[in-house]
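The first residue of the sequence shown is numbered 1, and numbering continues consecutively from there. Just so it is clear, the model here is predicted, and its values are computed rather than measured.
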Amino acid sequence: MLDYIEALRLRSLHTTMRKMELSLKSHHSTISEFFKRADAHNLTWPVPDGTTNESICSMLYPERANDLLGLRAQPDYESIHKDLAKRGTNLTLLWEEYETKARNAGLIPYKYSQFCDLYRKWAQTKKATMRIKHKPGDAMQVDWAGTTIPITDCYTGEISNAYLFVAVLPCSCYTYAEVCSDMKSGNWLLCHVHAYRYFGGSTRLLIPDNLTTGVKSNTIYETVINKSYQDLSDHYNTAIVPCRVKHPQDKSLAESSVRFASTWIIAALRERKFFSVSEAQQAVLEMLDKLNKRPFKKLAGCRYDAFINEEREFLQPLPAEDFEPTVWSTAKINRDYLITDGLNKYSVPFNLIGEQVDICLTKNRVEVFFHGAKVATHKRLDKYRKDPVINPDHMTTEHKKFLTYNAEDFKEWAGQIGPHVLKVVEYFLSAGKEPEQGYKPCSSLKRLSGKYDDHLLQEACERVLALTSAPTIKNITLLIKNNNIKVTKEPSSSKPKAKADNSYAFVRGYDYYGKDGDLK
């Protein structure tokens, strides 16, 4: 509606039509039409006391009196406000629905521009202007605060820095903050999990800055999200939309909330001394509750009230289980077919030796992928262990046999061969701190038994024990070979070979000639 009283005042000051259009925000034809009707009714400035725009409208525009008689359909602003918060809705759609409903009821609807103006005026009185730009539950903006919190070591007095993570819901400005010992990927992901848990739901969009822990690259052509960050996005059914490089206004509310949190959390705690990150986090949570319940300066209520009344119901439900942060890396499998999580080693199938694999680390699991297929899974150890974690199914046949070895089996086998072999085995098993340290030489001795005759092995063990009290596999092997008589366990030929007569050095012997006595 044109501000009729202001129009009369401006005309009395001889204001140009162009300036009137800008001041009254109305077209010159509408203003000219009003002046014609005002002149016809001798209405000039100053207007009589008690005159209102509504009374002037009723006098000059009797055809619009239907509005005053209640024939103009009044929008249900409360319902419009709630519907506007839903995804995919806008004022154009809601106005069309309102117009159809009004005409079906035999009432006169407002035009679209009037409809929008009336809604915005209502929204302004209900502290809802911010929700016109940001739909409830639609996005969460995240960032690290630039200011750190000092943590003092209670033993050495050394001071280290702790970092403040901030997440904000743009619609209600409801804020979450958490203290972390570093800004690495693990803490970055866990802070998102804790933020969603604090809000009681997830959002359709997740808007971070271009940190390397979350975004690999963000160019005008494509955006590449870190694998772990993408897994979190999939788990909470949200889409990651990083702000443009060097465009912090894309997440201006996060930026302002970071500054707000820095002032009312970090600065407010500047006189306190913290001796651990957990102690600092507890203090931050206390300050965070005060921050969210701090009254708005220009609007009624506070962040907490706006969140509870207007945003919480629009958040997406959380999954049954919290997301478990993952850290991805690649590795080439060595000959020992082991990979590491930085603390302990874990096995993979031996046929992947020399191949490149992807390693997924969570708090409780170690998973290995080859060309996208999972090939190994282990429970992750939280403490260092000297021996690697090995799945027997990943081992070669020879290595599987090694796992079945035990001291009693070695002794039983050696006793069947002979007492000297048994004595050598007992030495191998007792030479180290643990019997397992002797399994390797015992298995090597057992392989010699499969290659040479048992009595030859027994003789070699006897001779080496006569020479030294610390026999080795190398000494035993050399003694067997130096005997120059290699007797295998394969069946020998039925035809005995004639023994060469070596009485004279120049006699070549039977073996030198062929069957018919011809020279070779």
Side-chain angles (χ1 to χ4, degrees), residues 334-338 345 347 350 353 385-392 394-515 520:
N334 296 323
R335 294 182 63 84
D336 59 1
Y337 50 92
L338 297 175
K345 293 185 176 182
S347 68
F350 72 91
I353 293 175
R385 194 174 86 171
K386 182 179 179 181
D387 298 324
V389 179
I390 297 178
N391 183 343
H394 297 163
M395 304 178 70
T396 63
T397 305
E398 294 76 10
H399 291 178
K400 285 181 181 179
K401 289 181 180 179
F402 184 82
L403 288 181
T404 63
Y405 293 156
N406 62 74
E408 295 303 321
D409 287 346
F410 281 124
K411 290 179 180 179
E412 182 180 354
W413 164 79
Q416 295 173 357
I417 302 298
H420 300 295
V421 177
L422 177 59
K423 191 171 182 180
V424 171
V425 167
E426 289 176 342
Y427 168 77
F428 288 154
L429 295 174
S430 61
K433 292 182 179 180
E434 298 294 337
E436 285 79 2
Q437 292 177 290
Y439 286 1
K440 188 173 182 178
C442 286
S443 62
S444 299
L445 191 66
K446 202 170 183 179
R447 283 196 297 272
L448 287 176
S449 173
K451 189 175 181 181
Y452 300 100
D453 198 64
D454 290 345
H455 81 275
L456 195 59
L457 181 62
Q458 170 73 359
E459 182 181 346
C461 290
E462 181 181 7
R463 291 180 62 186
V464 79
L465 288 172
L467 296 173
T468 178
S469 60
T472 64
I473 291 297
K474 183 177 181 180
N475 291 340
I476 296 172
T477 304
L478 288 173
L479 284 173
I480 293 176
K481 290 183 177 180
N482 288 339
N483 270 314
N484 203 22
I485 303 175
K486 181 178 179 180
V487 184
T488 63
K489 289 196 171 184
E490 295 180 2
S492 59
S493 175
S494 58
K495 181 179 179 180
K497 292 183 179 181
K499 198 171 183 180
D501 185 1
N502 294 325
S503 302
Y504 302 95
F506 58 83
V507 178
R508 293 185 176 91
Y510 176 83
D511 292 338
Y512 187 79
Y513 299 95
K515 294 181 180 180
K520 291 184 179 179

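When side chains are defined from C-beta on, L465 counts as touching P471, because their heavy atoms get closer than 4.5 Å.
For R385 (side chain) and P388 (main-chain N/O), a donor-acceptor pair under 3.5 Å exists by modelled atom type.
Between atom CG of residue L456 and atom CD1 of residue I480 there is a gap of 5.0 Å, rounded to the nearest 0.5 Å. Here S444 contributes atom OG and Y439 contributes atom OH; the two are 14.5 Å apart, rounded to the nearest 0.5 Å. The SG atom of C442 lies 12.0 Å from the CD atom of Q437; values are rounded to the nearest 0.5 Å. With values rounded to the nearest 0.5 angstrom, D454 atom CG is found 11.0 Å from L448 atom CG.
Among R463, E462, E459, the one residue that satisfies the side chain to side chain contact (heavy atoms under 4.5 Å, CB included) test with L479 is R463.
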* Kindly indicate, with the supporting measurements, whether the criterion side-chain contact (heavy atoms from CB on, under 4.5 Å) is fulfilled by L457 and L445. => CA-CA 9 Å; L457 181 62; L445 191 66; 3.8 Å; yes

* Dump the intermediate steps for side-chain contact (heavy atoms from CB on, under 4.5 Å) on R447 and Y452, then the final yes or no. => CA-CA 9 Å; R447 283 196 297 272; Y452 300 100; over 6 Å; no

Taking distance alone, no hydrogens or angles, what donor-acceptor pairs closer than 3.5 Å link side-chain atoms of residues 419-430 to residues at least two apart or in another chain?
{"residue": "S430", "atom": "OG", "partner": "E426", "partner atom": "O", "Å": "2.8"}
{"residue": "S430", "atom": "OG", "partner": "Y427", "partner atom": "O", "Å": "3.3"}

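Considering every non-hydrogen atom in both H394 and S347, the closest pair reads ND1-OG, 2.8 Å. Minimum heavy-atom separation, K446 to F410: CD-CE2, 4.4 Å. Here the closest heavy-atom approach between residue N334 and residue I353 is recorded as O-CG1, 3.6 Å.
Looking only at atom types and distance, the side chain of N475 has no donor-acceptor partner in the side chain of T468 under 3.5 Å away.
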